[in-house]
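Because the structure is a prediction, the values reported are computed rather than measured. What you see below is based on every heavy atom in this structure, not just the backbone, and it leaves out hydrogens, waters and symmetry mates. Reminder, nothing fancy here: chain letters follow the sequence lines and each chain counts from 1.
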Amino acid sequence: MRDRAEIVQQLIAWFGVHARDLPWRHNDPWAVMVSEFMLQQTPVSRVLPLWQAWLERWPTPAALAAEQSSEAVRAWGRLGYPRRALRLHASATAITERHGGQVPDRLEELLALPGVGDYTAAAIASFAFGAAVPVLDTNVRRVLTRLEVAEAVPAASLTKAERARAQLYTDAAGQLAPRWAAAVMEFGALVCLARRPRCASCPVAHACAWRAAGHPLPAAAARPQSWHGSDRQCRGALLDVVRRSPGGVPTQVVLDSWHLRAQAEACLAALEADGLVHRTADTVTL
DNA sequence: AAAGCGGGGTT
DNA sequence: AACCCAGCTTT
């Protein structure tokens, strides 16, 4: 019989010893929210310096909402997925207008904010407000899949079974649910690693079905679109040219920064449609 | 369910 | 060169 309460207790104990001292863990809900946006598909090490600069400049949602969204895109720099900057700015505006400038604490209200999905809503509710909700990020999905399903990698998309499983652990944690949420995520990030898990220093190896099965390898994953020459690389290159030129850049300079004219035209149009750049007669601005 | 969206560090 | 990273939105 699986003793989830024991696993919860052991990983919380592990967390007490090994948790990183990440700055957003002892800051206000807005600071937590900014960190969650930046951490979407982005490693902690790259987020740390930008998060600090962002909060010094915009310490509240109202402060960010008072700026043009283009300033948010510029400050986002090369963190990646710049639409996150637009969505964070739009969320700050919504919080200022609809929530009196305070980050909401209910899942339903959080989910209504642009750029906030299931994971981010649960993370803010748990980490900033102490809500007893499952927080299912890529780390937690991997940990629970290995513990109970005996597979190295979770399914491509979140399943009902995973949600139900995560809920069992949250229930088992009781009052310690927020602590559990932080602990199991940290455990996935530091020990139960995707590539080379450190099973020798795992406090719950005794309960791991994947380990018991002999660490079967994952099925070969589908190849993503190659980066070199992709629209994503093109968009990033074009946006970087615009971002580094206060006051705007001639359209021709932007287009000439990419080696394929047709692709550059299409990507610039897409960036404009996304609201990441704006075009006047013959110049491009943020 | 699958595709599109960034960028950089690690292996 | 492939893999990975505190995902969200649209189709």
Result of checking A:Leu22, A:Val34, A:Thr42 against A:Val47 for side-chain contact (heavy atoms from CB on, under 4.5 Å)
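Per the side-chain contact (heavy atoms from CB on, under 4.5 Å) rule, the option paired with A:Val47 is A:Thr42, out of A:Leu22, A:Val34, A:Thr42.
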Using atom [atom1] of [X] as one end and atom [atom2] of [N] as the other, report the distance to the nearest whole Å.
| X | N | atom1 | atom2 | value |
| --- | --- | --- | --- | --- |
| A:Leu79 | C:dG7 | CG | C1' | 13 Å |
| A:Phe37 | C:dC8 | CZ | P | 9 Å |
| A:Asp137 | C:dC8 | CG | P | 10 Å |
| A:Ile124 | C:dG7 | CD1 | P | 13 Å |
| A:Arg20 | C:dC5 | CZ | P | 12 Å |

So what does [X] touch, heavy atoms closer than 4.0 Å: a base, only the sugar-phosphate, or nothing?
| X | answer |
| --- | --- |
| A:Trp24 | base |
| A:Asp274 | nothing |
| A:Leu136 | nothing |

Would you tell me whether A:His206 and A:Gln10 have side-chain atoms, one donor and one acceptor, within less than 3.5 Å of each other?
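Short answer, yes.
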For A:Tyr81 and A:Arg232, which I'm curious about, is there any donor-acceptor pair between the side chains at under 3.5 Å?
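The criterion, which ignores hydrogens and geometry beyond distance, is satisfied for A:Arg232 and A:Tyr81.
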For the student: nearest non-hydrogen atoms of [X] and [Y], plus distance:
| X | Y | answer |
| --- | --- | --- |
| A:Ala166 | A:Leu144 | CA-CD1, 3.9 Å |
| A:Ala189 | A:Arg142 | N-NH2, 4.5 Å |
| A:Cys199 | A:His215 | SG-NE2, 3.4 Å |
| A:Gly16 | A:Arg179 | CA-NH2, 3.8 Å |
| A:Ala150 | A:Ala209 | CB-O, 3.5 Å |
| A:Pro154 | A:Arg141 | CB-NH2, 3.7 Å |

Distance between P atoms of B:dA3 and C:dA6 (Å, rounded):
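Here B:dA3 and C:dA6 have their P atoms 23 Å from each other.
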Please give the distance between the P atoms of C:dC8 and B:dG8 as a whole number of Å.
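Rounded to whole Å, the distance is 22 Å.
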Do other residues, nucleotides or ligands put more than 12 heavy atoms under 6.0 Å from the CZ atom of A:Arg211?
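Incorrect, the count does not exceed 12.
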Would you find more than 12 non-hydrogen atoms of other residues, nucleotides or ligands less than 6.0 Å from A:Arg196 atom CZ?
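Atom CZ in A:Arg196 is not crowded, with 12 or fewer foreign heavy atoms closer than 6.0 Å.
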Which nucleotide of DNA chain B is the first, and which the last, in the 5' to 3' direction, to come under 4.0 Å of a heavy atom belonging to chain A?
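Range of nucleotides within reach of chain A: B:dA1 to B:dG8.
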Are the side chain of A:Ser230 and the backbone of A:Trp227 linked by a donor-acceptor contact shorter than 3.5 Å?
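Checking the backbone N and O of A:Trp227 against the side chain of A:Ser230, a donor-acceptor pair under 3.5 Å is found.
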Given 3.5 Å as the limit, does a donor-acceptor pair link the side chain of A:Gln102 with the main chain of A:Thr96, or not?
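Absent.
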Going by number, which of [range] have a non-hydrogen atom under 4.0 Å from DNA chain C?
| range | answer |
| --- | --- |
| residues 175-203 of chain A | A:Met185, A:Ala194, A:Arg195 |
| residues 226-254 of chain A | none |
| residues 38-63 of chain A | A:Leu39, A:Gln40, A:Gln41, A:Pro43 |

If you assign A:Gly77 and A:Leu158 each to the DNA chain B nucleotide with the nearest heavy atom, which residue ends up on the more 5' nucleotide?
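Result: A:Leu158.
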Hydrophobic cluster (4.5 angstrom, side-chain heavy atoms) - remaining members for A:Leu255:
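Its cluster mates, by chain and number, are A:Val73, A:Leu86, A:Leu238, A:Leu239, A:Val241, A:Val242, A:Val249, A:Val253, A:Val254, A:Trp258, A:Leu260, A:Leu268, A:Leu271, A:Leu276, A:Val277, A:Val284, A:Leu286.
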Quick test of your reading of the model: are A:Asp171 and A:Arg4 salt-bridged, counting only N-O distances below 4.0 Å?
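Salt bridge: no.
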Hey, is A:Glu186 close enough to A:Arg25 for a salt bridge, meaning N to O under 4.0 Å?
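So A:Glu186 pairs with A:Arg25 through a salt bridge.
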Kindly give the atom pairs (protein nitrogen or oxygen, nucleotide nitrogen or oxygen) under 3.5 Å for nucleotides 9-11 of chain C.
residue, atom, partner, partner atom, Å
C:dT9, OP1, A:Gly115, N, 2.6

